[in-house]
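Start at 1 and go down the list; that is how both ligands and their atoms are numbered. Numbers for residues simply follow the sequence, beginning at 1.
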Amino acid sequence: MNIYDLDLQGLTAQLAELGQPAFRARQIYAHLYKKLANDFAAMTDLSAALREQLAAKFQIGGLELVREQTTDDGLTRKVLWRCPGNAVIETVLMIYPPDRATICVSTQAGCAMGCVFCATGKLGLLRNISSGEIMEQVLHFERYLRTEGAAIAKRHGGPVPDHITNLVFMGMGEPFANYDRWWAAVERLNDKQGFNLGARNMTVSTVGLVKGIRQLADEALQVNLAVSLHAPNDQLRSELMPVNDRFDISDLMDAVRYYTDKTHRRVSFEYVLLDDKNDTPELAAQLASLVKGMLCHVNLIPWNPVPGTPLTRSHRERVTAFQRVVQAAGISCTVRVERGVEIAAACGQLAALPAPTSPMNLY
Ligand code: SAH
Ligand code: SF4
């Protein structure tokens, strides 16, 4: 049994089976999520006999680290994991000196949604990621920052955080297609007795599964929501994202309005820019009128190369022109800063492929 798959209640029940009181479970929980212990031997405030019993009963984590890659500046790092059953997933850490470190976490191996511009979508769905496997991706990088933070800072020539400050569920997979496992991890990450990361420091991105958006709106924790829009009309959106045939733009906007009305939190609309496909000024104007009046922000993402697609990214001038049209309509609109393209760690590039042999030059 992977101990990371248990919440405190589940751990307490397991410990009770070993004849142990609830406070022992709390002690172990703190070892796992506060002290980041990855070996029962390190839990020296437990008796040797109990540590042996625990080691016989539980595994601490189930992911096998296959490869780690770091960009030349040392600020972006990607890990490739093999899950039990052989599927592979990736996790990315992005350090923004001096005070932000964001981890991008996978919630599924592969993805069933089939967006035409996305490397993960090409794989189809291989497997859901368990709550414990989500925890393990985060804990690995928290450990990394705690131990290597000072060395990274030295190399960078200025301060960097020694812990994860922000978390985005924007790695491989569609989080809302794995809602319950994903949410169990969110609650455990947020738990003050454990990892204690604020819900407001977490953001989930969805392809537009409306049931998940409404469910999130009804949750007690205020996790930020990003919605992959990518086109302002149904015809174009269906061409790029098959999910639009199930939930069209009007269904999606109704769900988003439900979320903003309920939470009073600003939603982020993501819009990948594809050359000559969805990046014209007319479409920018359409986008602006679609989201006008909503509590929202538009985040433009210049498309990152995915091998085997006929697509190309929008030229920089077209990105700027698109942004101007949206902004002129009074809508807050930014362009996402690129990270990790050279190690195929940028948005939409996670497909657990062999490392690229030559660095890509985007512009
Ligand atoms: N499945 C979720 C979250 C993972 S993808 C979703 O689709 O929202 C995170 C973001 O990267 C999404 O907005 C997605 O549309 C975008 N993306 C996918 N492929 C991309 C690519 N090749 N270049 C840039 N962004 C991409
Ligand atoms: Fe899946 Fe998101 Fe990629 Fe679409 S963009 S295929 S939903 S991971």
- Message: So, with waters excluded, how many protein N/O/S atoms does atom 4 (Fe) of ligand 2 have closer than 2.8 Å?
- Response: 1

- Query: Are R339 and Y96 in a cation-pi setup, meaning NZ or CZ lies under 6.0 angstrom from the ring centre and within 45 degrees of the ring axis?
  - Reply: yes

- Message: Check this for me: does any side-chain nitrogen of one of R143 and E148 sit under 4.0 Å from a carboxylate oxygen of the other?
- Response: no

- Query: With a cut-off of 4.0 Å, which atoms of ligand 1 are near a heavy atom of V207?
  - Reply: 6 (C), 8 (O)

- Aromatic centroids of H230 and F117 separated by under 6.0 Å: yes

- Note on the structure: Closest heavy-atom approach to atom 14 (C) of ligand 1 among R336, M241, H230 is made by H230

- So which heavy atom in the protein is nearest atom 16 (C) of ligand 1, and how far is it from that ligand atom? V272 CG2, 4.0 Å

- Query: Under a 4.0 Å N-O cut-off, is there an ion pair linking K262 with D218?
  - Reply: yes

- Decide, yes or no, whether a salt bridge links R181 with E133 under the criterion of side-chain N to carboxylate O below 4.0 Å. no

- Item | Mode of V227 contact toward ligand 1 - side chain, backbone, both, neither (heavy atoms, under 4.0 Å) | neither

- Query: More than 12 foreign heavy atoms under 6.0 Å from NZ of K57: is that the case here?
  - Reply: yes

- Task: Using a strict 4.0 Å cut-off to heavy atoms of T206, name the atoms of ligand 1 that fall inside it.
- Result: 6 (C), 8 (O)

- Item | Protein contact of atom 10 (C) of ligand 1 - nearest heavy atom, named by residue and atom, plus distance | E270 OE2, 3.8 Å

- Message: Tell me whether the rings of Y33 and Y4 are parallel (<30°), tilted (30 to 60°) or perpendicular (>60°).
- Response: tilted

- Query: Less than 3.5 Å between some nitrogen or oxygen of F117 and one of ligand 1, yes or no?
  - Reply: yes

- Item | Protein heavy atom at shortest distance from atom 2 (Fe) of ligand 2 | G173 O, 4.5 Å

- Message: Looking only at protein heavy atoms, which one is nearest to atom 11 (O) of ligand 1, and what is the separation?
- Response: C347 CB, 3.7 Å

- Message: Which residue and atom name correspond to the protein heavy atom nearest atom 3 (C) of ligand 1, and how close is it?
- Response: S205 O, 3.5 Å

- Message: Closer than 4.0 angstrom, basic N to acidic O: yes or no for R188 and D7?
- Response: no

- Item | Atoms in ligand 1 flagged as close to V306, the criterion being non-hydrogen separation under 4.0 Å | 22 (N)

- Sole residue of Q137, K78, Q69 in side-chain hydrogen bond (donor to acceptor under 3.5 Å, both in side chains) with E90: K78

- Row check, Y258 ring normal vs R214 NZ/CZ: under 6.0 Å, within 45°: yes

- Task: Report the nearest protein non-hydrogen atom to atom 19 (N) of ligand 1: residue, atom name, distance rounded to 0.1 Å.
- Result: G348 CA, 3.0 Å

- Assign the ring pair W182 / Y179 to parallel, tilted or perpendicular, where the plane angle (0 to 90°) is split at 30° and 60°. perpendicular

- Query: Which protein heavy atom lies closest to atom 23 (N) of ligand 1, and at what distance to 0.1 Å?
  - Reply: N304 N, 2.9 Å

- Query: Does G173 reach ligand 1 with a nitrogen or oxygen that is under 3.5 Å from one of the ligand's nitrogen or oxygen atoms?
  - Reply: yes

- Go through the steps for M172 and Q108 under the test side chain to side chain contact (heavy atoms under 4.5 Å, CB included), then give the verdict. CA-CA 6 Å; M172 294 169 78; Q108 297 184 306; 6.0 Å; no

- Would a 4.5 Å heavy-atom cut-off, applied to side chains only, mark T320 and F322 as touching? no

- Query: Tell me: protein heavy atom nearest atom 5 (S) of ligand 1, and distance?
  - Reply: M170 O, 3.9 Å

- Message: Below 4.0 Å, non-hydrogen atoms only: which portion of E174 touches ligand 1? Side chain, backbone, both or neither.
- Response: both

- Message: Can you name the atoms of ligand 1, numbered from 1 with element, that are less than 4.0 Å from a heavy atom of I301?
- Response: 24 (C), 25 (N)

- Item | Identity of the nearest option to atom 6 (C) of ligand 1, non-hydrogen atoms only, from S228, P305, G171 | S228

- In terms of side-chain geometry, is the basic nitrogen of E68 or R77 positioned less than 4.0 Å from the acidic oxygen of its partner? yes

